[in-house]
J.: 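One structure is given below, represented as structure tokens, and several questions about it will come after.
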Protein chains: 2
Amino acid sequence: MAAQAQYEELVRQFSAFGAVKRDIRRLTSAECPSGSAAVLALLGRHGDMHISRMAELLAVDMSVTSRHVAQAADRGWLQRLPDPADRRSRILRLTPEGRERLDELFRHTTRLLAERLADWSDDDVALLAPLMARLRDSFDDCRTGSRPAASPLPRPAPPGSERTTRTPASA
Amino acid sequence: MAAQAQYEELVRQFSAFGAVKRDIRRLTSAECPSGSAAVLALLGRHGDMHISRMAELLAVDMSVTSRHVAQAADRGWLQRLPDPADRRSRILRLTPEGRERLDELFRHTTRLLAERLADWSDDDVALLAPLMARLRDSFDDCRTGSRPAASPLPRPAPPGSERTTRTPASA
DNA sequence: TATTGTTATACTCTATAACTATA
DNA sequence: TATAGTTATAGAGTATAACAATA
């Protein structure tokens, strides 16, 4: 458990990171909307999966995921295969074209990063990635419920207290 | 200069960080759109500034900044004061209400972060913030031209090679 | 003529809600 | 009845372009 001031500084940095993300997207995204890019990246990293799993990893509603997937499928970057075990589900799989697009995007972004961080020490670069990975894990755990889930804060959590991935479907 | 593989891992983590950002926004933003939040955060951190400076720090077009600022002004969170030195410019200043809103947002986010990172060591938390700060600086330097600016990559930079903050204004 | 800021238009991302086809 | 996925609609964020006022 760290000091309050450290969390506060982290909050500031998270806010400012948006500028870095926008810079990267502007300079590397050509031909590939960021929604598709995120879908391709997760398929490349985790392999075939269902839409619902994708929505969970993206931390967005499944309706949003469905559209991003549809766009990527329209462009031939992935297939939605029938799942023999459950005919409601579809299995997402990267096509060779999708893999190519992902590789290209990856190359461009890596190149940009290498340029911007040219004056960083090897050690500092090596330090940042694992910390961000752990950060994401710390949030993932709460979202997917693989942990006590920590109280939902005194604040929001008004009606459904959803865990995302799904809009309530009232009635 | 780090190894290629390290930059690649960093690229993956940047992509995945979007999920963390969405989580945070969903759980803390109540009553304050993220555009306004970003504007308030920068005013709180850097003090009074012009719109153009704000656009630079946000790394978005000035037209976007102008709208976010207008929204925050409509809600009484900031003032746009005339600049006696240049009547085209306006000086942005946080109002007491804006400061209050910013403090509240900050409190909520800090609380969420403290909860999610409860099992992190003091050292790890202390490590992440400065690394992200430096990351942002490494990008800022290129954007605002306070550094050699590194070649604009073989890739894009087609016509105007803009530095953001401004749409070309053809003709 | 160039710069600061604004507005109009269009596109993307996102959430909510309602709908389908399966389980 | 509940779940996987889709679609419709609406709300933000963003970029491009054109415009006003001032330098």
Side-chain angles (χ1 to χ4, degrees), chain A residues 18-19 21-23 25-27 29-39 49-56 58-74 80-92 156 158-160 162 164-171, chain B residues 18-19 21-23 25-27 29-39 49-56 58-74 80-92 156 158-160 162 164-171:
Chain A
K21 281 293 277 292
R22 282 185 288 268
D23 248 11
R25 210 168 350 141
R26 223 188 335 260
L27 294 170
S29 280
E31 312 282 336
C32 184
S34 73
S36 296
V39 165
M49 68 178 83
H50 289 151
I51 307 263
S52 49
R53 170 65 175 151
M54 175 71 70
E56 202 172 86
L58 287 172
V60 296
D61 192 89
M62 192 158 62
S63 67
V64 176
T65 308
S66 176
R67 176 136 56 173
H68 288 163
V69 164
Q71 284 181 348
D74 287 347
R80 285 175 288 191
L81 308 167
D83 180 351
D86 182 342
R87 289 192 317 191
R88 292 171 304 179
S89 295
R90 303 170 83 168
I91 297 174
L92 306 179
E162 298 84 53
T164 313
T165 303
R166 189 32 127 174
T167 152
S170 59
Chain B
K21 281 292 277 292
R22 281 185 288 269
D23 249 10
R25 210 170 350 142
R26 225 189 332 262
L27 294 170
S29 279
E31 312 282 336
C32 184
S34 72
S36 296
V39 166
M49 68 178 83
H50 290 149
I51 308 263
S52 49
R53 171 66 176 150
M54 175 71 70
E56 203 172 85
L58 287 172
V60 297
D61 192 90
M62 193 159 62
S63 67
V64 175
T65 308
S66 177
R67 176 138 56 175
H68 288 163
V69 164
Q71 283 181 349
D74 287 347
R80 286 176 287 191
L81 308 167
D83 179 352
D86 182 343
R87 288 192 318 194
R88 291 172 305 180
S89 295
R90 303 171 82 168
I91 297 173
L92 306 179
E162 298 84 54
T164 313
T165 304
R166 189 32 124 173
T167 151
S170 59

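All values below come from the heavy atoms of this structure, side chains included, with hydrogens, waters and symmetry mates left out. This structure is a prediction, so every number in the text was calculated from the model and none was measured. We name chains A, B, ... by the order of the sequence lines, and we start the count at 1 in each one.
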J.: For the side chain of B/Arg87 and the base of D/dT22, is some donor closer than 3.5 Å to an acceptor across the two?
T.: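 In this structure, the two groups form no donor-acceptor pair.
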J.: Nearest whole angstrom, please: distance from the P of D/dT3 to the CD of A/Glu56.
T.: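 Taking atom P of D/dT3 as the reference, CD of A/Glu56 is at 14 Å.
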J.: Distance check: side-chain N/O of B/His68 vs OP1/OP2 of D/dG13, anything under 4.0 Å?
T.: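 Yes, B/His68 has a side-chain N/O under 4.0 Å of OP1/OP2 on D/dG13.
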J.: Closest nucleotide of DNA chain C for B/Ser66 versus for A/Arg88: which of these residues is on the 5' side?
T.: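 The answer here is B/Ser66.
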J.: Which part of the nucleic acid, if any, lies within reach of B/Arg80 when heavy atoms closer than 4.0 Å are counted: base, sugar-phosphate only, or nothing?
T.: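 It contacts sugar-phosphate atoms only.
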J.: Specify the separation, in whole Å, of atom CZ of B/Arg26 and atom C1' of C/dA15.
T.: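 Taking atom C1' of C/dA15 as the reference, CZ of B/Arg26 is at 9 Å.
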J.: Calculate the interatomic distance between A/Asp61 atom CG and D/dT7 atom C1'; express it in whole Å.
T.: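 One finds 12 Å between C1' of D/dT7 and CG of A/Asp61, rounded.
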J.: What's A/Asp86 touching, base or sugar-phosphate or nothing? Going by heavy atoms closer than 4.0 Å.
T.: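 Sugar-phosphate contact only - A/Asp86 comes under 4.0 Å of backbone atoms but never of a base.
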J.: Taking OP1 and OP2 of C/dT12, is either one under 4.0 Å from a side-chain nitrogen or oxygen of A/Gln71?
T.: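 False: A/Gln71 side-chain N/O out of range (4.0 Å or more) of C/dT12 OP1/OP2.
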J.: Does B/Ser36 use its side chain to pair, donor to acceptor, with the backbone of B/Cys32 at less than 3.5 Å?
T.: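 Side chain of B/Ser36 to backbone of B/Cys32: no pair is present.
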J.: Is A/Arg22 near enough to D/dT14 that one of its side-chain N or O atoms lies under 4.0 angstrom from OP1 or OP2?
T.: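 Answer is yes, contact under 4.0 Å.
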J.: How do B/Val64 and A/Gly35 order along DNA chain C: which one's closest nucleotide is nearer the 5' end?
T.: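 In this pair, the answer is B/Val64.
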J.: Would you say a side-chain N or O of A/Ser52 is under 4.0 Å from OP1 or OP2 of D/dG5?
T.: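 Yes, A/Ser52 has a side-chain N/O under 4.0 Å of OP1/OP2 on D/dG5.
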J.: Kindly indicate whether the side chain of A/Pro82, heavy atoms from C-beta on, has any atom under 4.5 Å from the side chain of A/Arg87.
T.: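 With C-beta onward as the side chain, the pair stays apart.
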J.: Quick one: CD on B/Glu56 to CE on B/Met62, what's the gap to the nearest 0.5 Å?
T.: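 Going from the CD atom of B/Glu56 to the CE atom of B/Met62 covers 11.0 Å.
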J.: To the nearest Å, how far apart are B/Asp83 CG and C/dT4 P?
T.: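 Going from B/Asp83 (CG) to C/dT4 (P), I get 11 Å.
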J.: Nearest 0.5 Å, please: how far is CZ in A/Arg90 from OG in A/Ser66?
T.: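 These two atoms lie 8.0 Å from each other.
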J.: Given atom CD1 of A/Ile51 and atom C1' of C/dA21, what is their separation to the nearest angstrom?
T.: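 A/Ile51 atom CD1 is separated from C/dA21 atom C1' by 15 Å.
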J.: Using the 3.5 Å cut-off, write out each protein N or O paired with an N or O of nucleotides 8-10 of chain D and the distance between them.
T.:
unit_1 : atom_1 : unit_2  : atom_2 : d
D/dT9  : O4     : A/Arg67 : NH2    : 3.3

J.: Whole angstroms only, please: what is the CD1-C1' distance between A/Ile91 and D/dG5?
T.: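 Atom CD1 in A/Ile91 sits about 14 Å away from atom C1' in D/dG5.
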J.: Once rounded to the nearest 0.5 Å, what's the spacing between atom CG of B/Leu92 and atom NE2 of B/His50?
T.: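 Rounded to the nearest 0.5 Å, the CG-NE2 separation comes out at 8.0 Å.
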J.: Please state whether the phosphate of C/dT22, meaning OP1 or OP2, lies under 4.0 angstrom from any side-chain nitrogen or oxygen of A/Ser89.
T.: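 So the side-chain polar atoms of A/Ser89 never come under 4.0 Å of the phosphate oxygens OP1 or OP2 of C/dT22.
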J.: Can you list the residues that meet the salt bridge (Lys or Arg N to Asp or Glu O under 4.0 Å) rule with B/Arg22, with sequence neighbours excluded?
T.: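 Salt bridge (Lys or Arg N to Asp or Glu O under 4.0 Å) check on B/Arg22 returns nothing, list empty.
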J.: Expressed in angstrom and rounded to an integer, what is the separation of B/Leu58 atom CG from D/dG13 atom P?
T.: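 Taking atom P of D/dG13 as the reference, CG of B/Leu58 is at 11 Å.
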J.: Calculate, to the nearest 0.5 Å, the distance between atoms NE2 and CE belonging to A/His68 and A/Met54 respectively.
T.: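 Here the rounded value is 11.0 Å.
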J.: Given 3.5 Å as the limit, does a donor-acceptor pair link the side chain of A/Arg80 with the main chain of A/Val69, or not?
T.: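 No, A/Arg80 side chain to A/Val69 backbone: no donor-acceptor pair under 3.5 Å.
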J.: Heavy-atom nearest nucleotide on DNA chain D for A/Met62 versus A/Arg25: which residue maps closer to 5'?
T.: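 First, find each residue's nearest nucleotide; the 5'-ward one identifies A/Met62.
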J.: Atom CZ of A/Arg53 and atom P of D/dT3: how far apart are they, to the nearest Å?
T.: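 Atom CZ in A/Arg53 sits about 18 Å away from atom P in D/dT3.
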